[in-house]
Structures are given as structure tokens and as C-alpha cells.
Novice: 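Next up is a structure, given as C-alpha cells.
Note: hydrogens, waters and symmetry copies are ignored here, and every other heavy atom, side chains too, is used. First the proteins, then the strands, lettered A, B, ... as listed; each starts at 1.
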Amino acid sequence: MSRADTAAYAGGPAAAGDPGVRRWFWTLGLFRSEVTTTFRRWRTLALLGVLAAVPVLVGIAVKIETGDGGSAGGGAGQGPAFIAQITNNGLFLVFTALAATLPFFLPMAVGVVAGDGIAGEASAGTLRYLLVAPAGRSRLLLAKYAATLAFCLVATLTVAVSALIVGALLFPLGELTTISGTRISLSEGLWRALLIALVVAASLIGLAALGLFVSTLTNSGIAAMATTVGLLIAVQILDTIPQLDALHPYLFSHHWLSFADLMREPVHWDDLLSNLRLQLIYAAVFGSAAWARFTAKDITA
Amino acid sequence: MAPYETSRTTEEADDHGTGRRKATRYVVPVAVAGVAAATIGLVPALADSGDPDLPKITAEELVEKIAASDTEQLSGSVKISTDLGIPAFGDAMSSLAPGGEGGDSSADPQSRLMELASGTHTLRVAADGPDKQKLSIVDDTSEYSLIHNGDDVWAYDSGSDEAFHAEAEKGAHGKGKAEGEDKLGGATPKEFAEEALKAVDDTTSVTVDGTAKVAGRDAYQLLIKPKQSGSTIGSIRIAVDADNGVPLKFTLNPSSGGKAAIDAGFTDVDFAEPDAKTFDFKPNKGTKVTEADEAGKEHKGDKGPRPEGLEDLEGLEGMNVIGEGWSSIATFDTGAPLPTSGSASGDVPPEADKLLSALGDQVKGDFGKGTVFSTRLVNALITEDGKVYAGAVDKATLVKAANAAK
């Protein structure tokens with residue numbers, strides 16, 4: 001699909017004249033074509049479908065379990081974060097669903113899309129055609145990364161919106177109790193839910209860069225996806241080993257659950273900020289590594 | 001490949017044809033990674049350095065400053081690390097503590113208190129006068145809050161969505177301490193400092209030891225040291241806000257060296273009035289609420305078979321205190337000889353016997369034989385004939401005391 005789009009754009013920028021403007025035009029055009037390619041794939045839609053199904057499952061499970069007046073999660077703080085509060089307020093299903101998908105489902109979907117970025121084109125034999133268009137490798141890479149980030153955002157919002165709909169259908173909405181015990185209005189709660197979704201999406205930008213870098217290393221799309229998801233699992237395991245304490249602040253998944261700090265009153269910013277900082281560092285390191293690799297690579301497929 | 005190179009690469013790649021140029025590109029990610037790693041590692045260390053210049057002050061003046069401090073409004077975060085040298089202390093003790101066993105509300109303050117006895121925790125505190133206080137233990141995705149507001153004391157555990165409710169004790173208002181508040185409130189630097197200053201007498205040296213920056217505020221450091229030898233407490237360091245005399249950081253170092261046994265300090269603090277909403281708590285319809293009265297009855301009902309908490313030891317008959325100040329040793333007679341390893345008492349299962357000897361060290365002296373149980377701060381000697389000597393003193397001092405008592 002992107003090949004056709006790019007080709008269609010080949011005549012476009014000529015009209016723009018000024019080279020600076022033309023470059024930006026190119027980047028935007030590339031980005032748009034990459035985004036449409038990504039979201040028109042059946043694979044992407046299936047991933048989004050799975051993500052949307054998670055809140056439905058959680059919501060129905062909690063509804064059934066608490067149907068007889070019992071409390072969810074065994075009442076002892078078991079299960080994903082926030083699950084005990086869902087029966088009080090459907091909005092908490094958004095937070096539970098994000099907490100349940102963030103450790104694995106969401107990053108796995110991002111790993112698939114990011115890993116496919118360059119290596120997928122290479123294994124399909126379409127990468128060289130993409131590079132025939134005078135857009136430049138750096139800009140192609142940038143467009144790929146931007147498209148992956150767009151997917152991070154869309155995937156997170158898919159989970160959040162699906163959870164909000166299920167939560168509103170199955171459970172009451174209204175004033176909600178923050179985890180600090182104070183109360184906030186529903187509109188404030190919705191605002192925080194949006195913020196949390198954005199933070200969760202931002203938590204994935206480090207992994208997206210890592211996946212893209214892996215994708216520049218190989219010509220096999222499957223290998224790149226598998227490596228990215230494998231790295232994700234390895235990092236998650238490392239993060240649970242207490243003896244590796246010194247290593248933990250450097251792992252991209254270490255602060256992922258810090259999004260819960262947005263539900264404290266007052267908001268506890270320390271971990272949230274270290275999460276965002278860490279993601280930016282990962283994006284910078286692996287983004288530049290991907291650039292170094294991709295711009296210097298022999299394209300044979 | 002070479003002949004095809006130009007037709008396949010784009011404008012940018014053309015400029016970087018040679019292998020060396022390609023390699024230099026990797027300098028960029030490596031440099032970024034290096035700078036980032038250094039920043040993560042060094043920034044906290046750098047932020048700690050740089051002691052502020054403050055006018056000189058004597059120890060007496062500083063202690064008075066703490067006592068005279070009338071700050072009643074503050075909010076902030078406290079980081080508390082405890083390393084008492086007891087593995088899995090929290091788990092073991094919560095099963096010993098009354099109310100810590102299953103079936104009770106997980107929001108019961110007593111069972112949560114023990115959590116703080118080991119590991120590192122973040123607490124958030126807020127106070128507004130004597131009637132409104134809040135203390136929260138911050139967990140990964142949940143929070144345990146103790147809220148005192150007027151006549152009510154609420155405890156709310158967001159992880160399990162359970163609440164605990166008690167009436168604030170009448171007459172406790174002036175001091176602003178209800179039962180639960182008193183217990184968990186003991187984790188803030190201020191409470192630690194008050195306890196430490198109570199212990200100050202002529203066996204103690206109190207000095208001002210420089211200045212420090214704590215939570216972005218200038219502070220004096222008060223250093224408290226036992227004059228006697230034999231204490232397991234090496235030194236206590238209290239950072240006191242230079243402006244208003246509020247203790248900001250409390251560090252207790254054992255004399256054996258190593259990591260601090262207790263380290264509690266503000267990571268950020270604000271002396272403005274906290275939001276009134278902070279102290280409001282109303283349980284949701286679905287929230288399970290345990291009333292203190294009911295919980296209390298349950299406890300009394302089944303207290304018999306339970307191992308009693310450490311505080312009950314004080315009620316034992318024949319409790320004596322040997323020595324004074326920091327090296328004072330509490331001693332009492334349990335009456336019955338305790339099973340020690342090697343004693344051939346038949347009623348002790350071999351597993352328990354093994355456990356006892358694994359936990360303690362065997363010692364011998366004029367008093368006979370005994371077992372010393374040690375932690376980083378408190379050592380206890382239990383002799384063959386059932387006498388117990390315990391205190392914040394080292395092993396040799398305990399044996400000496402036992403010998404002298406013989």
C-alpha cells in the first residue's frame with residue numbers, strides 16, 4: 001500500500017518549490033502513507049481487536065464474581081491493580097484494563113508493529129522501492145518511528161475506550177475515590193483517565209525505538225518481531241529479580257506501573273517523571289542506533 | 001554488491017560510502033547512552049552534595065529549636081528504610097502481632113504497622129493542626145491511608161478496597177493522636193527525633209555536626225552518640241530544618257557499621273496548609289468497613305491461643321533494668337527453663353530445637369549456658385535457667401551482665 005502512496009506523492013512535492021518546505025512535505029506524506037499502511041493491515045486490526053477484548057473479559061469476570069455481593073480479587077488485594085474498586089465505579093475498569101495489558105499485551109503489539117517496520121519491508125522485498133523515492137533514509141526511518149508511535153497511542157486508547165464503554169455498561173459511574181482515599185468528580189476522573197492513557201502510550205516509546213532498531217538489524221520481519229518481544233520478556237523477568245536491584249532503574253519497563261501515581265491525591269510525580277525520562281533516553285539511544293545502522297546499511301532486498 | 005551501491009542508496013548514504021564513516025555513526029548512540037547512564041547514576045549523587053552555609057548554633061539551641069517548633073501544617077513525602085537485620089521481619093511479626101492474622105480487615109492499622117519494620121517504603125504525610133492528620137504508605141499501584149479528621153480515624157486500603165473506622169479517643173485531641181495515628185505516626189522523622197531526644201541524659205553526647213540539604217531545605221545536623229561503650233547504637237543523626245526546627249531526616253547507625261538501621265527522611269516537604277479535601281474520607285457503598293469496636297471484640301475473644309506481642313513481655317513479673325542510659329539491659333525471669341539447644345528436654349521437637357540453635361549463638365559464662373539472639377540493634381540472652389537479658393547492647397555486655405547478676 002505504501003508503495004502506491006509514495007509513488008502518488010512523487011509528483012506532489014515538485015510543486016512546492018522551496019527545498020525546506022519540500023522536505024517537510026515529504027516527511028508528512030511518508031508519515032501519512034506509513035500510518036495508513038499500518039492501520040490497513042489485518043494484523044494490526046486483529047491486534048487492536050485483542051486489546052479491545054481484554055477490558056470486556058475483565059469487566060464480565062468481575063461482574064460475575066461480584067454478582068452475589070462478594071468482592072473482586074478475593075478481597076485481599078489480589079489480581080491486577082484497581083480491580084477491587086471496579087464495582088464501585090466503572091471508570092476503574094479503564095485503569096485495571098491498562099494495568100492488565102501494560103505488562104504484556106500492549107508492548108507485544110507495539111513490538112510486532114515496530115519490529116515489522118524496516119525488516120518487514122525488507123523481507124517483502126519492498127524496502128528498495130521505498131528508498132527509490134527521493135525521501136532519504138533518515139526521513140523514512142523517522143516516518144516509520146512516527147507511525148509506530150501513532151500505533152502506541154491508538155492501541156492504548158483502544159483499551160481505554162473499550163474499558164470505559166464496558167465499565168459504563170456494567171457498573172455505576174460517578175464520583176470516584178482516589179487511591180489516597182479522597183474523592184474527585186467524574187469529570188476530573190475522566191480527565192485523569194485520559195492522562196493515564198497518554199502516560200501509558202508514552203511508556204511504550206522506548207520499546208518502540210528498541211523494536212525499530214532491532215528491525216534495522218535483520219531482513220526477516222518475523223525475526224525482528226520475535227527478538228523485540230523476547231527482549232521485552234527478558235527485561236520483565238530481570239525486573240523481578242531482587243538481586244539485580246542496581247540494574248532496575250535502567251530497564252525500560254521498570255516504571256511502567258507508575259501511571260497509577262496519577263490516581264493519588266496529590267499526584268506523586270517522581271516515578272512518572274523518571275518513567276518519561278527513561279523512555280526518552282531509550283528513544284534517543286535506540287533511535288540514533290537505528291539511524292546509524294539504517295543509513296549505513298546495504299539494502300539488498 | 002558494490003556496482004549496485006549507487007543505484008540503491010539515496011543522497012545521504014552517498015556521502016558516507018566508506019566503512020570508517022559508517023562506523024563513526026555508531027558513536028552517536030554510544031555517546032547518548034553514555035551520557036544517559038552517567039546522568040541517571042550521577043545526578044542524585046550530585047544533588048545531595050553541597051552543604052549550605054548556616055550561622056553557627058549550639059546543640060542546646062538546636063534541641064530547644066526542635067522543642068519550640070510549632071509547625072502544625074505540613075505535607076510531603078517521607079522515604080523510610082529499615083534494616084534491623086531480621087530477615088522477613090514484616091511477615092514473621094505480622095503473624096505474631098495481634099490482629100495480623102487472616103480473617104481481619106487488611107485495613108487494620110496494627111497489621112500494616114509491621115510492614116514498615118523492614119525494607120524501604122515511601123510515606124506521604126499531611127497535617128493541619130491537631131485534629132487533621134493523614135499518613136499514607138505508598139505501594140506500587142495502591143496506597144494505605146490513615147486519616148484522622150476530628151472525631152474519626154479512618155484507615156483505607158485501596159488495594160483491597162477495605163476500610164477501618166475508629167473513633168478518635170476523647171482527650172487525645174489536644175495531642176492530636178488517636179490510637180492508630182499514634183502507632184503509624186511513629187514513622188515520621190519528627191516522632192523518631194522526639195523519641196531519641198527523650199533518651200538524652202548524661203550518658204549521651206549531643207553535638208551539632210555540620211549542615212545538610214534535605215528535601216531542598218537547609219538543615220542543621222544534630223549528632224547524638226552514646227558515651228558508654230557496649231551499645232549497639234553507634235550514632236543517631238537528625239537533620240533539623242534551619243528555619244522552623246522541624247526534624248527532616250533521622251538516621252540511626254548501628255555501632256557495627258554498615259547500612260543505617262533506620263533511615264527516615266523527607267524527600268519533599270511543604271509547610272503550606274494542605275488541601276482540606278486531603279482529610280475527607282467517606283467509604284464507597286461497596287467498600288468493606290471494619291469498625292474498631294468489632295475488631296477489638298474479636299481479638300479479645302480469641303486472644304488465648306495466640307502468641308502474645310512483644311509489648312506483653314513488659315507485664316511479666318520480676319522485670320529489672322540493669323545499668324543506665326544506652327547500655328541499660330532489661331532482665332526478667334520467665335520462671336521456666338527455656339529449651340536451649342543441647343539440653344535434653346524431651347518435650348521439644350527436634351525441628352524446633354534445630355531452629356532455636358540456628359537462630360541464636362551459644363554462649364557460656366559464669367552464669368551457665370545460654371543462647372544469644374541477635375539483630376543489628378537488639379540482642380537478647382536467654383539462659384538455661386530461663387533468665388532473659390535484653391538490650392541495645394553487644395553480646396559481651398550481655399554476658400557480663402548475666403555474670404554479674406549470678
Novice: Can you tell me if B:Glu143 uses its side chain to pair, donor with acceptor, with the backbone of A:Arg264 under 3.5 Å?
Specialist: no
Novice: Taking B:Arg124 for its side chain and A:Pro266 for its backbone only, find out whether a donor-acceptor pair lies under 3.5 Å.
Specialist: yes
Novice: Are any non-hydrogen side-chain atoms of A:Arg183 and B:Phe281 less than 4.5 angstrom apart?
Specialist: no
Novice: Mind listing the closest non-hydrogen atom pair of A:Ala260 and B:Asp140 along with its distance?
Specialist: CB-O, 4.1 Å
Novice: Between B:Val138, B:Thr287, B:Val27, B:Asp275, which has the largest tally of heavy atom pairs under 4.5 Å with chain A?
Specialist: B:Val138
Novice: If you count heavy-atom pairs under 4.5 Å between each of B:Ser136, B:Ser142, B:Ser77 and chain A, which one has the most?
Specialist: B:Ser142
Novice: Quick one: closest heavy-atom pair of B:Val28 and A:Ser288, and the distance?
Specialist: CG1-CB, 3.7 Å
Novice: Identify the two heavy atoms, one from A:Ser180 and one from B:Ser145, that lie closest to each other, and give their separation to 0.1 Å.
Specialist: O-OG, 3.2 Å
Novice: What heavy-atom pair brings A:Trp291 and B:Arg25 nearest, and what distance separates the two atoms?
Specialist: CZ2-NH1, 3.8 Å
Novice: Are any of the side-chain heavy atoms of A:Thr182 and B:Lys134 separated by less than 4.5 Å?
Specialist: yes
Novice: Which answer fits B:Pro274, side chain, backbone, both or neither, if we ask what part of it has an atom under 4.5 Å from a heavy atom of chain A?
Specialist: neither
Novice: Answer with side chain, backbone, both or neither: which region of B:Thr141 has an atom nearer than 4.5 Å to a non-hydrogen atom of chain A?
Specialist: both
Novice: Less than 4.5 Å to any heavy atom of chain B: does that hold for the side chain of A:Ser258, its backbone, both, or neither?
Specialist: neither
